[in-house]
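A quick write-up on the structure given underneath.
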Amino acid sequence: MKIYNTLSGGKEEFVPITPRKVKIYACGVTVYDHCHIGHARSAIVFDIIRKYLKYKGFDVTYVRNFTDIDDKIIKKAQQEGVTWDVVARKYTEEYYRDMDMLGVGRADVEPKATDYIPEMISIVQELINKGYAYESDGSVYFSVSKFHAYGKLSKRDMDEMQAGARVEVDERKDNPLDFALWKKSKEGEPFWESPWGLGRPGWHIECTAMSIRHLGETFDMHGGGADLLFPHHENEIAQSEAYTGKPFAKYWVHNGFITIKKEKMSKSLGNFFMIKEVLDKFDPEVVRFFLLSTHYRSPIEFSDEELREAESSIDRYYTTAVRMDDFLSQKGDGQNQLSDAGKMFEKLLLSFRDKFQEAMDDDFNTALAVGHIFEVIREANRFLDTKPSGAKTAELLLNTAKLLSEFGNVLNIFGRTPREWNLSLMKIKKIGISEEGIYEKIRERQEARLRKDWKSADSIRKEFEEIGIILEDKKDRTDWKVKVG
RNA sequence: GGCGGCGUACCCAAGUGGCUAAGGGAGAGGUCUGCAAAACCUUUAUGCAGCGGUUCAAAUCCGCUCGCCGCCUCCA
């Protein structure tokens, strides 16, 4: 399989350091505020990458950290008149709530920066000993000029960056590009004891400490949002490789941004949607599906309209699932031959696992994979339209359902029953009728239909339509579903 | 200024050298249906921002132009 590596700027054949094992470190969130949908994208992307690698048979160790001490947390704590750890705890809990609602799985290890202070201090000390870092007025800085490969990830030239002069000049630094490994704490700020006095870790050093501790000095994949590329990941590489003398992460994977009206969603622009407010209007599966319908490296435009389209797509799956379930719950008539249409469908079906994997093997092309899934769905519907029957057909449709759920498992979609999907839609769209109430009305309408009282039957259906429920008359019953899109 | 990306139908989107340019949504027509819905079929890009070039062959490679965006400062 091929993965795009930011370090090389191209797709590379994926070869794990240890055969069949993959070690992934993804940068998580700084717990100082609510999570927005951009955080969700990153979490979902790496969740799917991890799932697919497992599906392919790799033994995956996935680490995703929390930054629970930094300037923003301290600022927030001061604003709210609480201590930093209260803020960190509050937003960590909120992060978990959001992720649970979204259906994003936990990482195997979810370390917090402040649990690794001794490790960080010892790395910083070693960097000083090796001459890569220097102490200045109680803080410690990494000397960028000592690490000659600096800029290799973000493809930056140190001289040009200095010419850019957008870096804050700090008297205590030898070079404006040097970054803090350890920061002296000011009066009233949280602190830990260190050889350089009271202070706290710089932003980047935590990832070095935690990834090395849990994954080793060199590991397979390091990821995060594209905005972490510089300076965060560049600095991580510098301090980690200077410290160990070994290559840090082999593959660097960065997800693209979510945009609103073509602009990057960000806190500073104020154009962001919190995860919980999106989930107030859309089912979590819709959000996940939407994010997977565009390649993870591309920007993705976020809007209600796009989400409604995603909702319609998912509904198409569940509608087809009902048709397949209906067939499977029927008794076969003993006919044990597949029709010509069945044979053609069977042949086609057999090719789809390869197609799905081929798509995912190509830098996790979920958009293409989803396209293939909908081809299966169309073909399944087409086959069902031929009104097939028999045990062989049942077997074929069972295999179809299994295949779709196999793919769905990897992408974390299609995991529910059609009924669960519709009940969830009812809740989200705030349709004020119970499932019982629906069936009662359906029975009433059924009686009218038997009397051929089409007027009454149609008026009941009209009532349903007005509250957002669609009735489907079938051979032996009437089904209901929530109107989507 | 430096570095990077994008521009594919009405909308979203895959495709990065070679069969009829995936898939979803929307629209129109049809089949089915008491009528619907769903499903299926047909239809909506002789063309992939524009111009030029390389090639037997390009949406796909190269050059230029136009438009949009990102990073270079905390940021998923």
Side-chain angles (χ1 to χ4, degrees), chain A residues 6 9 11 26-30 32-33 35-46 70-72 75 151 154-157 159-161 163-168 203 223-232 234 254-259 262-269 272 289-290 293-295 297-301 303 305-306 308-316 319-320 322-323 355 359 362 365-375 377-386 449 452-455 457-458 461-462 465 470-475 478-481 483-485:
Chain A
T6 309
K11 285 182 196 171
C27 288
V29 292
T30 300
Y32 76 106
D33 208 344
C35 285
H36 61 63
I37 200 72
H39 298 108
R41 184 177 196 188
S42 176
I44 287 168
V45 163
F46 289 99
D70 96 315
D71 292 347
K72 293 186 296 283
K75 196 175 156 204
S154 53
K155 315 281 184 286
R156 262 161 243 272
D157 183 280
D159 298 333
E160 277 166 4
M161 279 195 283
R166 284 181 69 183
V167 207
E168 200 183 327
W203 174 31
D227 43 7
L228 296 180
L229 217 153
F230 187 88
H232 185 52
E234 193 68 63
H254 293 96
N255 64 273
F257 302 125
I258 290 186
T259 59
K262 299 273 175 191
E263 274 185 323
K264 180 190 170 186
M265 178 185 282
S266 75
K267 282 262 160 70
S268 49
L269 284 166
F272 59 89
F289 181 93
F290 163 68
S293 62
T294 297
H295 187 90
R297 280 190 285 118
S298 304
I300 183 166
E301 174 73 13
S303 71
E305 192 192 343
E306 312 273 349
R308 277 195 297 271
E309 286 187 10
E311 190 179 76
S312 297
S313 297
I314 294 170
D315 194 63
R316 179 167 159 77
T319 302
T320 304
V322 171
R323 293 190 76 189
K355 285 188 181 177
D362 185 11
N365 193 338
T366 54
L368 182 57
V370 164
H372 292 323
I373 287 173
F374 278 94
E375 280 181 72
I377 289 172
R378 188 191 60 225
E379 293 302 331
N381 275 313
R382 214 216 299 233
F383 175 52
L384 282 162
D385 277 356
T386 66
R449 291 182 73 216
K452 293 206 192 302
D453 179 1
W454 306 125
K455 216 175 148 185
D458 288 351
R461 185 165 51 207
K462 192 88 200 268
E465 211 187 314
I470 289 173
L471 296 187
E472 291 186 12
D473 290 330
K474 303 201 170 170
K475 211 161 57 186
T478 297
D479 271 354
W480 65 274
K481 57 186 274 188
K483 192 177 189 307
V484 295

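Note that this is a predicted model, so its numbers are computed, not measured. Note on naming: letters A, B, ... go to the chains in the order of the sequence lines (proteins, then strands), and numbering restarts at 1 for each one. Note that these values count all heavy atoms, side chains included, but never hydrogens, waters or copies made by symmetry.
Across the P atoms, B:C6 and B:U60 are found 13 Å apart, a figure rounded to whole Å. The P atoms of B:C32 and B:G27 are separated by 22 Å, rounded to the nearest whole Å. Between the P atoms of B:U65 and B:G2, the separation comes to 13 Å (whole Å). Distance noted for atom C1' between B:A28 and B:C66: 35 Å (whole Å). Separation of the P atoms belonging to B:C10 and B:G52 is 23 Å when rounded to the nearest angstrom. Comparing B:C62 with B:G5, their P atoms sit 10 Å apart, to the nearest whole Å. Across B:G67 and B:A14, the matching P atoms stand 25 Å from one another, rounded to whole Å. Between B:C11 and B:A57, the two C1' atoms lie 32 Å apart (nearest whole Å).
Regarding A:Glu309, its CD atom lies at a distance of 12 Å from the C1' atom of B:G23, rounded to whole Å. One interatomic measurement links the two molecules: CD1 of A:Ile373 to C1' of B:A13, which rounds to 15 Å at whole-angstrom precision. A:Asp227 places its CG atom 16 Å from the C1' atom of B:C3, with the value rounded to the nearest Å. Between A:Asn365 atom CG and B:G23 atom C1' there is a gap of 11 Å when expressed in whole angstrom units. Rounded to whole Å, the distance from NE2 on A:His295 to P on B:G5 is 14 Å. For the pair A:Ile44 CD1 and B:A76 P, the interatomic distance rounds to 15 Å; values are reported in whole Å. A:Phe289 has its CZ atom 11 Å from the C1' atom of B:A13, to the nearest Å. Across the protein-nucleic acid pair, A:Glu305 atom CD and B:G25 atom C1' stand 9 Å apart, rounded to whole Å.
Base pairing annotation: B:A39 forms a Watson-Crick or G-U wobble pair with B:U31, both donor-acceptor distances under 3.5 Å. Partner assigned to B:C74 is none, using Watson-Crick or G-U wobble distances below 3.5 angstrom. With a 3.5 Å ceiling on both atom-pair distances, B:A58 lacks any Watson-Crick or G-U wobble partner. Nucleotide B:G4 is matched to B:C69 when pairs are restricted to Watson-Crick or G-U wobble geometry with both distances under 3.5 angstrom. Pair assignment for B:G47 gives none, since no Watson-Crick or G-U wobble pairing has each distance under 3.5 Å. Across every strand in view, B:A14 sits unpaired, with no contact that passes the Watson-Crick or G-U test at under 3.5 angstrom. Nucleotide B:C19 has no partner under the Watson-Crick or G-U criteria, as no pair reaches both atom distances under 3.5 Å.
Closest contact between the side chain of A:Leu368 and the listed nucleotides B:C75, B:A14, B:A39 involves B:A14. Taking the side chain of A:Lys262 as heavy atoms from C-beta on, and the options B:A76, B:C69, B:A13, the nearest nucleotide is B:C69. Here B:G25 is the nucleotide among B:A22, B:A76, B:G25 with the atom lying nearest to any side-chain atom of A:Ser313. Distance from the side chain of A:Met265 is smallest to B:A76 among B:A39, B:C71, B:A76.
In this structure, A:Arg156 is positioned above the aromatic face of A:Phe230, its NZ or CZ under 6.0 Å from the six-membered ring centre and within 45° of the axis.
Along RNA chain B, the nucleotide nearest A:Glu379 and the nucleotide nearest A:Val370 are compared for position; the residue whose nucleotide lies closer to the 5' end is A:Val370. Along RNA chain B, the nucleotide nearest to A:Glu263 and the one nearest to A:Gly28 differ in position, and the one closer to the 5' end is contacted by A:Glu263.
Between A:Leu269 and A:Lys264, the shortest heavy-atom contact is CD1-O, 3.4 Å. The shortest non-hydrogen separation linking A:Ala457 to A:Arg449 is CB-CG, 3.6 Å. Among all heavy-atom pairs drawn from A:Phe290 and A:Ala310, the shortest one is CB-CB, 3.9 Å.
A:Asn381 contributes a side-chain N or O that, together with a main-chain N or O of A:Ile377, makes up a donor-acceptor pair within less than 3.5 Å. In this structure, A:His39 contributes its side chain and A:His36 its backbone to a donor-acceptor pair below 3.5 Å. Of the possible polar contacts, one joining the A:Glu301 side chain to the A:Lys262 backbone as a donor-acceptor pair under 3.5 Å is found. A:Asp362 places no side-chain N or O within 3.5 Å of a backbone atom of A:Asn365 that could act as its donor or acceptor partner. Judged by distance alone, the side chain of A:Ser313 and the main-chain N or O of A:Glu309 form a donor-acceptor pair under 3.5 Å.
OP1 and OP2 of B:G5 both lie 4.0 Å or more from every side-chain N or O belonging to A:Arg297. Phosphate proximity of B:G24 to A:Arg308: absent, as no side-chain N or O sits under 4.0 Å from OP1 or OP2. Between A:Arg156 and the phosphate of B:G2, there is no side-chain N or O to OP1/OP2 separation shorter than 4.0 Å. A sub-4.0 Å separation between OP1 or OP2 of B:G24 and a side-chain N or O of A:Arg316 is present. Between B:A38 and A:Asn381, no contact under 4.0 Å exists linking OP1 or OP2 to a side-chain N or O. Of the side-chain N and O atoms in A:Trp203, one or more sit less than 4.0 angstrom from OP1 or OP2 of B:C75.
Heavy atoms of A:Gly371 sit under 4.0 angstrom from at least one base atom. Within 4.0 Å (heavy atoms only), A:His232 reaches no atom of the nucleic acid at all. If you check every strand for non-hydrogen atoms under 4.0 Å, A:Ile37 touches nothing. Backbone-only contact: A:Gly224 has heavy atoms under 4.0 Å from sugar-phosphate atoms and none from a base.
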Collect all protein-nucleotide pairs involving nucleotides 34-36 of chain B in which both atoms are nitrogen or oxygen and the distance is under 3.5 Å.
{"residue": "B:G34", "atom": "O6", "partner": "A:Arg445", "partner atom": "NH2", "Å": "3.4"}
{"residue": "B:G34", "atom": "O6", "partner": "A:Arg449", "partner atom": "NE", "Å": "3.4"}
{"residue": "B:G34", "atom": "N1", "partner": "A:Asp458", "partner atom": "OD1", "Å": "3.0"}
{"residue": "B:G34", "atom": "N2", "partner": "A:Asp458", "partner atom": "OD1", "Å": "3.3"}
{"residue": "B:G34", "atom": "N2", "partner": "A:Asp458", "partner atom": "OD2", "Å": "2.6"}
{"residue": "B:C35", "atom": "O2", "partner": "A:Asp458", "partner atom": "OD1", "Å": "3.4"}
{"residue": "B:C35", "atom": "O2", "partner": "A:Arg461", "partner atom": "NH2", "Å": "2.1"}
{"residue": "B:C35", "atom": "N3", "partner": "A:Arg461", "partner atom": "NH1", "Å": "3.2"}
{"residue": "B:C35", "atom": "N3", "partner": "A:Arg461", "partner atom": "NH2", "Å": "2.9"}
{"residue": "B:C35", "atom": "N4", "partner": "A:Asp473", "partner atom": "OD2", "Å": "3.0"}
{"residue": "B:A36", "atom": "N6", "partner": "A:Asp473", "partner atom": "O", "Å": "3.1"}
{"residue": "B:A36", "atom": "N1", "partner": "A:Asp473", "partner atom": "N", "Å": "2.8"}
{"residue": "B:A36", "atom": "N3", "partner": "A:Arg461", "partner atom": "NH1", "Å": "2.9"}

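Counting heavy-atom neighbours within 6.0 Å of A:Lys155 NZ, excluding the residue itself, gives a total above 12.
Contact annotation: side chain of A:Lys264 to base of B:C75, donor-acceptor pair present below 3.5 Å. In the interface, the side chain of A:Glu375 is not paired with the base of B:G23 through any donor and acceptor atom under 3.5 Å apart.
Between A:Asp385 and A:Arg382 there is no salt bridge, since none of the side-chain N atoms of the basic residue sits less than 4.0 Å from a carboxylate O of the acidic one.
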